[in-house]
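Structure record follows, encoded as structure tokens.
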Amino acid sequence: MTADHSSTGAAPSGAASRIDRLEQFAYWSDDCIPVPGIDARIGLDPILGLVPVWGDVITGVLSCYVPYQAYQVGAPPSLVFKMLVLIVLDACSGTIPVAGDLIDAAFKANKVNVRMLKRHLAKK
């Protein structure tokens, strides 16, 4: 696959379907499970992050799907880099026992990254 870095100013064709897939990915990784008793949701990301070391590695690698898709639709390298920094910070925070898992549940890197991509595409 090659990236579509067109300079026409319009969002590349297929960007809307990619955004839909990315929003589903972010939902499952960050928001799919309601927390009983409080108005909060968590996803599979913080649950997998409970597995020492490997959970954070796996979720970090899976989270790279969002910046990869952003690159595919023509996002600038600076935006892709910001997305990757958020993923690294999220994965590193998850390595802190207990507190890291709480941070991971509260900070939803995939949702933030999808939102940044949507904002970028809206500007085009």
Side-chain angles (χ1 to χ4, degrees):
M1 286 187 182
T2 60
D4 182 1
H5 293 282
S6 63
S7 60
T8 61
S13 62
S17 65
R18 284 184 200 234
I19 292 295
D20 289 343
R21 284 194 309 267
L22 292 174
E23 285 179 330
Q24 279 297 313
F25 175 78
Y27 170 79
W28 285 103
S29 65
D30 294 337
D31 267 350
C32 66
I33 304 165
V35 178
I38 59 174
D39 187 28
R41 300 179 73 83
I42 62 168
L44 298 175
D45 188 321
I47 291 173
L48 289 171
L50 292 172
V51 177
V53 181
W54 287 107
D56 295 309
V57 169
I58 290 168
T59 58
V61 169
L62 290 174
S63 292
C64 288
Y65 175 67
V66 178
Y68 173 73
Q69 289 298 310
Y71 171 78
Q72 291 292 307
V73 296
S78 60
L79 178 60
V80 174
F81 179 75
K82 287 177 190 175
M83 291 177 171
L84 291 171
V85 167
L86 287 177
I87 292 167
V88 168
L89 291 174
D90 187 42
C92 289
S93 72
T95 63
I96 304 167
V98 183
D101 296 317
L102 295 174
I103 293 168
D104 199 22
F107 180 69
K108 300 169 184 304
N110 292 314
K111 284 182 68 174
V112 171
N113 284 341
V114 170
R115 199 170 333 145
M116 286 192 309
L117 177 59
K118 286 173 68 174
R119 259 191 308 245
H120 167 73
L121 291 174
K123 288 179 186 176
K124 288 177 97 177

Self-check item: Side-chain touch L121/L117, heavy atoms, less than 4.5 angstrom
Solution: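 L121 reaches L117 side chain to side chain.
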
Quiz item: Are S29 and L62 side-chain neighbours, meaning at least one heavy-atom pair lies under 4.5 Å?
Solution: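 Heavy-atom side-chain distance check fails, nothing below 4.5 Å.
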
Quick one: [atom1] on [X] to [atom2] on [Y], what's the gap to the nearest 0.5 Å?
| X | Y | atom1 | atom2 | value |
| --- | --- | --- | --- | --- |
| D101 | L48 | CG | CG | 11.0 Å |
| D30 | D90 | CG | CG | 7.5 Å |
| R119 | L79 | CZ | CG | 9.5 Å |
| K123 | H120 | NZ | NE2 | 8.5 Å |
| T95 | D104 | OG1 | CG | 10.0 Å |
| I87 | T59 | CD1 | OG1 | 9.5 Å |

Exercise. Check which hydrophobic residues are tied to I47 through side-chain heavy-atom contacts below 4.5 Å, counting indirect links as well, and list them.
Key: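 When side chains under 4.5 Å apart are linked, the cluster holding I47 also contains Y27, W28, I33, V35, I38, I42, L44.
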
Closest contact, heavy atoms only, [X] versus [Y]:
| X | Y | value |
| --- | --- | --- |
| C32 | R41 | O-NH2, 3.4 Å |
| G43 | P46 | O-CD, 3.2 Å |
| G94 | D56 | O-OD2, 3.0 Å |

Quiz item: Going only through I, L, V, M, F, W and Y residues with side-chain contacts under 4.5 Å, is there a path from L84 to V57?
Solution: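 Different clusters: L84 never reaches V57 through Ile, Leu, Val, Met, Phe, Trp or Tyr contacts under 4.5 Å.
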
Quiz item: Are V66 and F81 in one and the same hydrophobic cluster, where Ile, Leu, Val, Met, Phe, Trp and Tyr link if side-chain heavy atoms are under 4.5 Å apart?
Solution: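 Result: no, two separate clusters.
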
Quiz item: Who pairs with K82 by salt bridge (charged side-chain N to carboxylate O under 4.0 Å, His left out), at least two apart in sequence or on another chain?
Solution: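 Partners of K82 under the salt bridge (charged side-chain N to carboxylate O under 4.0 Å, His left out) test: none.
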
Practice problem: Take Y71 and M83 through the side-chain contact (heavy atoms from CB on, under 4.5 Å) test and state the conclusion after the steps. | Solution: CA-CA 11 Å; Y71 171 78; M83 291 177 171; over 6 Å; no

Quiz item: Taking it one step at a time, do M116 and L86 satisfy side-chain contact (heavy atoms from CB on, under 4.5 Å)?
Solution: CA-CA 11 Å; M116 286 192 309; L86 287 177; 3.8 Å; yes

